[in-house]
Structure formats: C-alpha cells, structure tokens
Amino acid sequence: QVQLVESGGGLVQAGGSLRLSCAASGRTFSIYVMGWFRQAPGKEREFVATITRNGSMKYYADSVKGRFTISRDNAKNTVYLQMNSLKPEDTAVYYCAADRSYSARYYSHDYDYWGQGTQVTVSS
C-alpha cells in the first residue's frame, strides 16, 4: 500500500508556471505507475499525464501537451508535474494517483491509490 501527498498548488496568473509534487510513502515507489488527474467544479475528473515505473514513457492529455511535463524521482519517492503557460481553464483540484501495473494508465478507475488533491487556480 502507498500513501500519496500532493503539494505545490496555488494561485497564479495566466501564462505563469507551477510545479506540483506528490510524495509517496513506502519503499516500493518504483513499482507504481503514476498519474496526474484534475477535477474542475461541476466536471468529471480527467486525465492529465502518466509516467511509467522507470520514467521512460510519458503520456499527456491533448489539452496539456507541450505545456505540462511529468517526471519522477524514484530515489525521493516523488512524482512531479511541471505546468507552464497556464490558462484559466487549467483551474482545478489536481490529484496524483498510483497503480501497480506494467504500463501507462489513462483512466481514473485503473488507479488504486489517490492523494487528497491540491488546488490550482489560474486567474485571467
């Protein structure tokens, strides 16, 4: 089992940047595929990005491709989401998630473990 704690959210102007972090408990972080999802008010939770166990493969939602970068440091049990060129429509609660699978996961129901979320607000 793994526990996830996100941090790094906040208020930023459009065009700005934020870096989210997700720290995982336990000593087996490297066996988890990690993902970032987000949920805006009144909307369903949506996929943002995912990264495989060793970080070799990364996939992004079309809406964030070219602006967001997912990365991980298995020695620090942490996954990151670097968000650049932020837009008001990026405003949401951002969640990290973990799954003990061997390939990337794109759907929230594929993930077994979730953090509590961190709020990102982008002002226009």
Side-chain angles (χ1 to χ4, degrees):
Q1 192 165 352
V2 64
Q3 293 183 326
L4 306 171
V5 179
E6 301 98 334
S7 62
L11 173 64
V12 64
Q13 288 188 332
S17 299
L18 283 174
R19 188 176 83 152
L20 305 183
S21 299
C22 173
S25 65
R27 294 174 289 179
T28 57
F29 178 70
S30 61
I31 71 172
Y32 294 95
V33 167
M34 300 299 296
W36 285 97
F37 290 77
R38 66 187 182 185
Q39 188 166 17
K43 295 187 177 182
E44 293 186 353
R45 191 170 297 188
E46 65 174 1
F47 167 75
V48 174
T50 184
I51 186 168
T52 50
R53 293 181 172 194
N54 62 1
S56 61
M57 303 297 288
K58 306 173 185 181
Y59 301 93
Y60 300 91
D62 287 343
S63 58
V64 307
K65 202 171 295 182
R67 300 187 298 122
F68 290 11
T69 302
I70 189 171
S71 62
R72 67 189 295 163
D73 185 337
N74 286 346
K76 295 183 178 180
N77 285 9
T78 303
V79 63
Y80 304 97
L81 186 68
Q82 177 66 44
M83 305 186 295
N84 298 329
S85 302
L86 282 161
K87 304 176 181 179
E89 51 263 44
D90 294 318
T91 295
V93 177
Y94 283 71
Y95 299 90
C96 72
D99 182 63
R100 290 189 62 172
S101 62
Y102 292 92
S103 59
R105 290 288 182 262
Y106 307 96
Y107 301 101
S108 58
H109 60 73
D110 288 328
Y111 287 84
D112 293 327
Y113 305 103
W114 292 84
Q116 83 290 349
T118 185
Q119 176 71 47
V120 171
T121 303
V122 184
S123 63
S124 57

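- Note on W114: it clusters hydrophobically with V33, by side-chain heavy-atom contacts below 4.5 Å among ILVMFWY residues.
- Legend: ring-ring contact (aromatic ring centres under 6.0 Å, His included) pairs involving residues 44-92, not counting sequence neighbours, sorted by first then second residue: F37-F47, F47-Y106, Y59-Y106.
- The distance from atom CZ of R45 to atom NE2 of H109, rounded to the nearest 0.5 Å, is 13.0 Å.
- Listed by chain and number, the residues in a side chain to side chain donor-acceptor pair (under 3.5 Å) with S56 are N54 (sequence neighbours excluded).
- Between the side chain of T52 and the main chain of M57, a donor-acceptor pair closer than 3.5 Å is present.
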TODO: Walk me through it: do S63 and K65 pass the test side-chain contact (heavy atoms from CB on, under 4.5 Å)?
DONE: CA-CA 6 Å; S63 58; K65 202 171 295 182; over 6 Å; no
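- For the side chain to side chain donor-acceptor pair (under 3.5 Å) test, no residue two or more places apart in sequence or in another chain qualifies with K43.
- When all heavy atoms of M34 and I70 are compared, the pair lying nearest together is O-CD1, 4.2 Å.
- The heavy-atom pair separating Y32 from R100 by the smallest distance is CE2-CG, 3.0 Å.
- The closest donor-acceptor contact from the side chain of D110 to the backbone of A104 lies at 3.5 Å or more, if one exists at all.
- When all heavy atoms of T78 and K76 are compared, the pair lying nearest together is OG1-O, 2.8 Å.
- Scanning both residues, L81 and A49, for their nearest heavy atoms gives CD1-CB, 4.3 Å.
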Compile the donor-acceptor pairs under 3.5 Å between side chains in residues 83-99 and protein atoms, sequence neighbours left out, one pair per line.
| residue | atom | partner | partner atom | Å |
| --- | --- | --- | --- | --- |
| N84 | OD1 | S17 | OG | 2.9 |
| N84 | OD1 | Q82 | NE2 | 2.9 |
| D90 | OD1 | R38 | NH1 | 2.9 |
| D90 | OD1 | R67 | NH2 | 3.0 |
| D90 | OD2 | R67 | NH1 | 2.7 |
| D90 | OD2 | R67 | NH2 | 3.4 |
| D90 | OD2 | K87 | N | 2.8 |
| T91 | OG1 | P88 | O | 2.9 |
| T91 | OG1 | V122 | N | 2.9 |
| T91 | OG1 | V122 | O | 3.4 |
| Y94 | OH | R38 | NH1 | 2.9 |
| Y94 | OH | D90 | O | 2.6 |
| D99 | OD2 | S101 | OG | 3.0 |

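- Of the inter-residue distances, the one linking S123 atom OG with Q13 atom CD reads 5.0 Å to the nearest 0.5 angstrom.
- Applying the disulfide (SG to SG under 2.5 Å) test to residues at least two apart or on different chains, none of the pairs has a partner in residues 29-64.
- Evaluated for a side chain to side chain donor-acceptor pair (under 3.5 Å) with T50, the options W36, Y107, Y111 yield exactly one hit, Y111.
- Between the side chains of S25 and Y113, no donor N or O sits under 3.5 Å from an acceptor N or O.
- When all heavy atoms of V2 and L4 are compared, the pair lying nearest together is CG2-CD2, 4.0 Å.
- Within the structure, no pair that satisfies the disulfide (SG to SG under 2.5 Å) test touches residues 46-77, not counting sequence neighbours.
- Considering all non-hydrogen atoms of both residues, N74 and S30 come closest at ND2-CB, 3.6 Å.
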